[in-house]
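Every chain is numbered from 1, with letters handed out A, B, ... down the list of sequences.
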There are 2 protein chains.
Amino acid sequence: MHGDMIIRITKYYRILHKLKSLGLERVFANNLGDAAGVNATVVRKDFSLLKIIGQKRGGYEIDNLIASLDKILGKDKPQEAIIVGCGRIGGALMRYRGFASDGIKIVAGLDINTHVCDEQECPIPIYPLEQLEEIVKKKNIQVAILTVPEQEASDLFRRLCEAGVRGFLNFTPIGLKASKDEEDKHIIIHNVNIALELEQIFYELNISDNHML
Amino acid sequence: MHGDMIIRITKYYRILHKLKSLGLERVFANNLGDAAGVNATVVRKDFSLLKIIGQKRGGYEIDNLIASLDKILGKDKPQEAIIVGCGRIGGALMRYRGFASDGIKIVAGLDINTHVCDEQECPIPIYPLEQLEEIVKKKNIQVAILTVPEQEASDLFRRLCEAGVRGFLNFTPIGLKASKDEEDKHIIIHNVNIALELEQIFYELNISDNHML
DNA sequence: TTTATTAAGTGAAACTGTTCACATTAACTA
DNA sequence: TAGTTAATGTGAACAGTTTCACTTAATAAA
Ligand SMILES: NC(=O)c1ccc[n+]([C@@H]2O[C@H](COP(=O)([O-])OP(=O)(O)OC[C@H]3O[C@@H](n4cnc5c(N)ncnc54)[C@H](O)[C@@H]3O)[C@@H](O)[C@H]2O)c1
Ligand SMILES: NC(=O)c1ccc[n+]([C@@H]2O[C@H](COP(=O)([O-])OP(=O)(O)OC[C@H]3O[C@@H](n4cnc5c(N)ncnc54)[C@H](O)[C@@H]3O)[C@@H](O)[C@H]2O)c1
């Protein structure tokens, strides 16, 4: 898969929905490119690789395009996730309303302390950790957000894999890695390492300073 | 700059500190590679490009290596940042203790509502938004974490640039982009888009499902 | 000493993703 | 109907990274 293509596709997807809501029916690679901040040829190349075809001189039909991208992005199936560890960031994510507009739904939280979130402001139920396997199975959960203390991370990762979770958004600084066994199951792990992002920013500023003098 | 090199360097850096604390004095590209999950030649190539030299057959001196990386990562200068928007995620970040171990310090929060954080649990002062320019200048702030509602994002971005901030960690879903004018000032923007990460995970799961059948 | 071994160092090949240049086709124009 | 234009579609050149294969230097052993 081509590097940043996924990111571009999600951008196209968002833009297409906006254009559709504006009443447009077709779109040109050029406009889509402008809106996504990439060159028109990139758009065409992406679609070409994805076997999405447009009409010579007529651009792409937005409805068709959205339907194709729906399928490619997996939006034709429910996109549900659980949050494991409902502390500071976990809690913030539980209360975040912005996921719905992307079709993503947080269906449950798991924590050793189920009183971390008061019912009123947090509409998603929090269950005790013991019910993890039960909930994953009953709700057929594929994706988990991991926001537990770092020393708990790898144990819970194993346990979630075991229970059938295949996608992870890991906020702990632990670099989770799928074992040989898990690799076969195609476990997907995305790490969000906030401290690392900050380090990189400082690094890049540092470089550009050094280059200037 | 070579793509993932920065990320690898920060990994080496962490590992080196751990090895040092274990009492080791020298390290081989091989061991460093194992610990960082990359091949030994990658380590050597990275160091070669960074003009870091080791000793044939003797490996690299950890102290020298750390000193070099300190410089490259900008750790020889104070790494201070402010948080703009001390709500759910902003607040979580303010209360996070994990940055200190990477040498990063959050020195202030800015918010339109300064009562969002009670003094006891949050040791970092929160100032009213009006004092933004004053604080940036007085404390010579280079980096800001942006965790405001998305409709405020681009205005505040401009304002922070204007005040002299050059590095941004943006948690809003708005894709901030430096204007021509700002480009010359070498503004660094890192976007953390949590919804996008989730979308990508679902997408990748979807692909691997499609490939299997 | 001489030889063998170990690990750093590096130019070049291989690979990956992006950009370019141009062929293709549909629609419009005269 | 022939010619022009506006867009898609794509093989190939290009650029950036990673990996490979080999050279070099330092140390240890014989
Ligand atoms: N808060 C931040 O700004 C921030 C920034 C970067 C990284 N992180 C990382 O994110 C993770 C969470 O950070 P936080 O600040 O939200 O911590 P936190 O202590 O506020 O939250 C952790 C939560 O996990 C729960 N928990 C503990 N053990 C558990 C277990 N075995 N199973 C399920 N739940 C369990 C706790 O009850 C708590 O609610 C940490 O690994 C931290 O390093 C946090
Ligand atoms: N919470 C999440 O899990 C989550 C996930 C993904 C993205 N985001 C994004 O992060 C941003 C913050 O989200 P949140 O959930 O923390 O929101 P929030 O409403 O809890 O926090 C926003 C904070 O910004 C302050 N604020 C408002 N206008 C301001 C201004 N002009 N200047 C300074 N401060 C101002 C508010 O007082 C509030 O404290 C949003 O853009 C959101 O889309 C949040």
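The interatomic distance linking B:M5 (CE) with D:dG16 (C1') rounds to 13 Å, in whole Å. The separation between A:I9 atom CD1 and C:dG17 atom P is 13 Å, rounded to whole Å. As rounded to whole Å, 14 Å separates atom P of D:dA26 from atom CD of B:E61. Atom NZ in A:K51 sits roughly 8 Å away from atom P in D:dT10 (whole-Å rounding). Between A:L49 atom CG and D:dT10 atom P there is a gap of 9 Å when expressed in whole angstrom units. Taking atom CG of residue B:L50 and atom P of nucleotide C:dA8, one finds them 15 Å apart after rounding to whole Å. In this structure, B:D46 atom CG and D:dT19 atom C1' are separated by 13 Å, rounded to whole Å. Rounded to an integer number of Å, the gap from B:F47 CZ to D:dT18 C1' is 16 Å.
For the residue pair A:D102 and B:A195, the shortest heavy atom distance occurs at OD2-CB, 3.3 Å. Looking at every heavy atom in both residues, B:F157 comes nearest to B:I189 through CZ-CD1, 3.6 Å.
With respect to the salt-bridge test (charged N to carboxylate O, under 4.0 angstrom), the residues B:D4 and B:K11 do not qualify. One finds a salt bridge joining A:E199 and B:R14 here, because a Lys/Arg side-chain nitrogen approaches an Asp/Glu carboxylate oxygen to under 4.0 Å.
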>> Assess the residue pair B:E204 and A:H190 against the criterion (side-chain hydrogen bond (donor to acceptor under 3.5 Å, both in side chains)); give the C-alpha distance rounded to whole Å, side-chain angles, the decisive distance to 0.1 Å, and a yes or no.
In response: CA-CA 11 Å; B:E204 286 167 33; A:H190 279 225; 3.1 Å; yes

> Would B:D209 and A:R166 satisfy salt bridge (charged side-chain N to carboxylate O under 4.0 Å, His left out), going step by step from the backbone distance to the final call?
Replying inline: CA-CA 11 Å; B:D209 284 354; A:R166 301 188 306 134; 3.0 Å; yes

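Within 6.0 Å of NZ on B:K20 lie no more than 12 heavy atoms contributed by other residues, nucleotides or ligands.
Ring centroid separation for the pair A:Y12 and A:F47 comes in under the 6.0 Å cut-off.
Contacts with DNA chain D (heavy atom under 4.0 Å) in residues 17-34 of chain A: A:F28, A:A29, listed by number.
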>> Treating primed atoms plus P, OP1 and OP2 as sugar-phosphate and everything else as base, which nucleotides of nucleotides 19-30 of chain C get B, S or - for protein heavy atoms under 4.0 Å?
In response: B----BBBB---

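Between D:dG9 and A:S48, no contact under 4.0 Å exists linking OP1 or OP2 to a side-chain N or O.
When atom types are taken as modelled, the side chain of A:D111 and the backbone of A:C86 share a donor-acceptor pair closer than 3.5 angstrom.
When heavy atoms are screened at a 4.0 angstrom cut-off, B:Y60 is found touching the sugar-phosphate backbone but no base atom.
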